[in-house]
Amino acid sequence: MANITSVRGFRDILPEETPKWQRVEEKIRKIFFNFGIKEIRIPILEKTELFKRGIGEATDIVEKEMYTFVDRGNEQLTMRPEATASVIRSYIEHHMYEKDPVAKLFTIGPMFRRERPQKGRFRQFHQINVEFLGQDDPRIDADLMSMLIYLLTELGLEGLKLELNSLGCDTCRPAFREKVILFLKDKENRLCEDCRRRLGSNPLRVFDCKNESCQETISGAPTILDFICPECTGHFEKVTGHLEILNVPYSINKRMVRGLDYYTRTAFEITSGALGAQNAVTGGGRYDGLVQMLGGPAMPGIGFAIGFDRLISMLPDNYGEDTGSPNIFIATMGESAQGRAFSICNALKRAGIRADMDFSGKSLKAQMKRANKLNCSHTLIIGDTELEEGIAPLRNMRDGTQDSVAIKNADALIEKINN
RNA sequence: GUGGGUGUAGCUCAGUUGGUUAGAGUGCCUGGUUGUGGCCCAGGAGGUCGCCGGUUCAAAUCCGGUCACUCACCCCA
């Protein structure tokens, strides 16, 4: 009978790797706490309509990547492909803006997109999302990006590049869009198949097409920064100004656009050369129209998502390893020793000390080998008849020196280990 | 959805122009040695060679199909 395997693009994160995830999450939570960002936990399943309206009907995500199904109650549901729409839905549903229009929220969890898997891309992947709602001051944008850079640097990442652009707003982007369509109309035959299709749905995407001919064609086109309205220009200039004040290095990428429809004004991306083709570790931007679009009040917002899996893959293998705390292995010789070891081992664990032992009755050699494998700091050997008190030497594994103090009971041992 | 690469032991991989009981390293188990583990020595378990079909006296090896993994396009974090 054939074995059952995991679903394509859905992977197990094995015990060797989970400490990395835990350490990163701990550090991030601490930083978010200091920046006044509170956690929100949202469902994995939402009504399909939420993403259609939020992300945009014509986007690749909605068009062909969502896990959508009809449930037994005949309702169209979707496993979330991203978190922002859900956070906004919750913000509106619970009238959070009534209590306090300003909300700084984060959420961590899995997202689902049915793409072809490759390096740094899975069908179930994990994101750390941050949303700042209720404020459109350019300082918010700068503060958000500065925190992000700080956070990634704190985690030990190097070679990061922050790129940003402005996408304009509802009033200036449509005009720019028309201009681009007009510009490309008579050059259509020089565009790739995808871009010709995009011309009708999302012509701005031609800007970041990787096809050479497309790049050449679009290079003469007006760029959005020359075209956006004075308000948007002002906002963008202030954002970059504040970034400079905060000493955050950045570069402007006039051709960067976003694949989700809700973005307005500030859009940014952080990339790393260490990631392969899927080089974006973070992406985000402002979405001043989204709250209203989803049925809430007119309320600005900005946010980002960190690709958790990609972030983890950039960290060294030993990241998050516990090295300091004591880790005891109890080896036994003989039946009666096992009995005493059993209760001592249990007492150690309840006293907050990591401890383990072997019940299989294997040779001492095998037990010691196991202790070594578990990377134990100390091995305690308990003999069958030696030492009336019942406990033999506590031995340090690392330098081989013996500590031959006989210990009378578990309490004395705990004290010894803790001193 | 499109293209390239790869599927042989738990893991990393050899396997010459098709030819007998398919190998190594590592890991695992047992024993020896060792001032009770690391080093060394001996032995052992473990594989329908991804799956199906074809060619052949004979297929891990050649051909076709299929599935999986992987990298890239696309898209995005």
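Naming: A, B, ... by sequence-line order, numbering from 1 per chain. Side-chain atoms are counted along with the backbone in the values below, which use heavy atoms only and exclude waters and symmetry mates.
- Both V7(A) and H126(A) sit near RNA chain B, but only V7(A) has its closest nucleotide nearer the 5' end.
- Separating the C1' atom of rG10(B) from that of rU56(B) is a span of 35 Å, rounded to the nearest Å.
- Taking 4.5 Å as the limit, every side-chain heavy atom of F32(A) sits out of range of all side-chain heavy atoms of K104(A).
- For L260(A), taking side-chain heavy atoms from C-beta onward, the closest of the listed nucleotides rG31(B), rA77(B), rC69(B) is rA77(B).
- Atom-to-atom, CZ of F329(A) to P of rG38(B) comes out at 14 Å; the value is rounded to the nearest Å.
- In this structure, Q278(A) atom CD and rA72(B) atom C1' are separated by 9 Å, rounded to whole Å.
- Between the C1' atoms of rG31(B) and rC11(B), the separation comes to 25 Å (whole Å).
- Within 4.0 Å of K362(A), counting heavy atoms only, lie sugar-phosphate atoms of the nucleic acid but no base atom.
- Only the P atoms considered, rG44(B) is 13 Å distant from rG25(B), to the nearest whole Å.
- The partner of rA68(B), taking Watson-Crick or G-U wobble pairs whose two distances both stay under 3.5 Å, is rU6(B).
- For rU55(B) and rC63(B), the C1' atoms lie 7 Å apart once the distance is rounded to whole Å.
- Look at CZ on F122(A): it is 19 Å from P on rC76(B), rounded to the nearest Å.
- Between T59(A) atom OG1 and E65(A) atom CD the span is 8.0 Å, to the nearest 0.5 Å.
- Taking the six-membered ring for Trp and the full ring otherwise, the centers of F359(A) and F342(A) sit less than 6.0 Å from each other.
- Not a single donor-acceptor pair, N or O on each side, falls under 3.5 Å between the base of rC28(B) and the side chain of R370(A).
- Here F125(A) packs flat against the base of rA77(B); its ring centre is closer than 5.5 angstrom to the base's six-membered ring, tilted by less than 30 degrees.
- Per the geometry, OH belonging to Y262(A) stands 11 Å off P belonging to rC76(B), to the nearest Å.
- Shortest non-hydrogen contact noted between R113(A) and Q127(A) is NH2-NE2, 4.1 Å.
- Here, rU17(B) and rG32(B) have their C1' atoms 46 Å apart, quoted to the whole Å.
- Across rG46(B) and rG5(B), the matching P atoms stand 37 Å from one another, rounded to whole Å.
- The base of rG32(B) sits with one of its N or O atoms less than 3.5 Å from a complementary donor or acceptor on the side chain of K365(A).
- Annotation: rA59(B) and rU16(B) have their C1' atoms spaced 16 Å apart (nearest Å).
- A perpendicular orientation is assigned to the rings of H126(A) and W21(A), their planes being inclined by more than 60° (bins at 30° and 60°).
- Each of rA72(B), rU36(B), rU2(B) was ranked by its minimum atom distance to the side chain of R116(A); first place goes to rU2(B).
- Pair check for rU20(B) finds none; no Watson-Crick or G-U wobble contact set falls under 3.5 Å.
- Nearest to the side chain of Q118(A), among rC28(B), rU36(B), rC71(B), sits rC71(B).
- Not one side-chain nitrogen or oxygen of R121(A) sits closer than 4.0 Å to the OP1 or OP2 atom of rA77(B).
- Taking the ring axis of Y263(A) as reference, the NZ or CZ atom of R258(A) stays within 45° of it and closer than 6.0 Å to the ring centre.
- Taking for each of S6(A) and E269(A) the nucleotide of RNA chain B with the nearest heavy atom, the 5'-most of the two is the partner of S6(A).
- Across all strands shown, rG1(B) pairs with rC73(B); the Watson-Crick or G-U wobble distances both stay below 3.5 Å.
- Between rG38(B) and K369(A), no contact under 4.0 Å exists linking OP1 or OP2 to a side-chain N or O.
- Pairing for rC28(B) goes to rG44(B), judged as Watson-Crick or G-U wobble with the two contacts each under 3.5 Å.
- A 3.5 Å limit on both hydrogen-bonding distances identifies rG54(B) as the Watson-Crick or G-U partner of rC62(B).
- Straight-line distance from the CG atom of L275(A) to the C1' atom of rC76(B): 12 Å, rounded to whole Å.
- The base of rC76(B) has none of its N or O atoms less than 3.5 Å from a complementary donor or acceptor on the side chain of Q127(A).
- Taking 4.5 Å as the limit, every side-chain heavy atom of E178(A) sits out of range of all side-chain heavy atoms of F183(A).
- Pair check for rU36(B) finds none; no Watson-Crick or G-U wobble contact set falls under 3.5 Å.
- Remark: P of rU30(B) and CG of L364(A) are 12 Å apart, rounded to the nearest angstrom.
- When the P atom is compared between rU61(B) and rA9(B), the two are found 15 Å apart, to the nearest whole Å.
- Residue contacts shown for G120(A) include a base, since a base heavy atom lies under 4.0 Å away.
- Proximity note for R8(A) (side chain, C-beta onward) versus rC28(B), rA77(B), rC69(B): the nearest is rC69(B).
- Residue R113(A) contributes atom CZ, which lies 16 Å from atom P of rC74(B) at whole-angstrom precision.
- For M256(A) and rA77(B), the CE to P distance is 11 Å, given to the nearest whole Å.
- Listed nucleotides rU30(B), rU2(B), rA77(B) differ in distance to A366(A); the shortest reach to its side chain belongs to rU30(B).
- Ring pair F268(A)/F304(A) is perpendicular by interplanar angle, where above 60° counts as perpendicular and below 30° as parallel.
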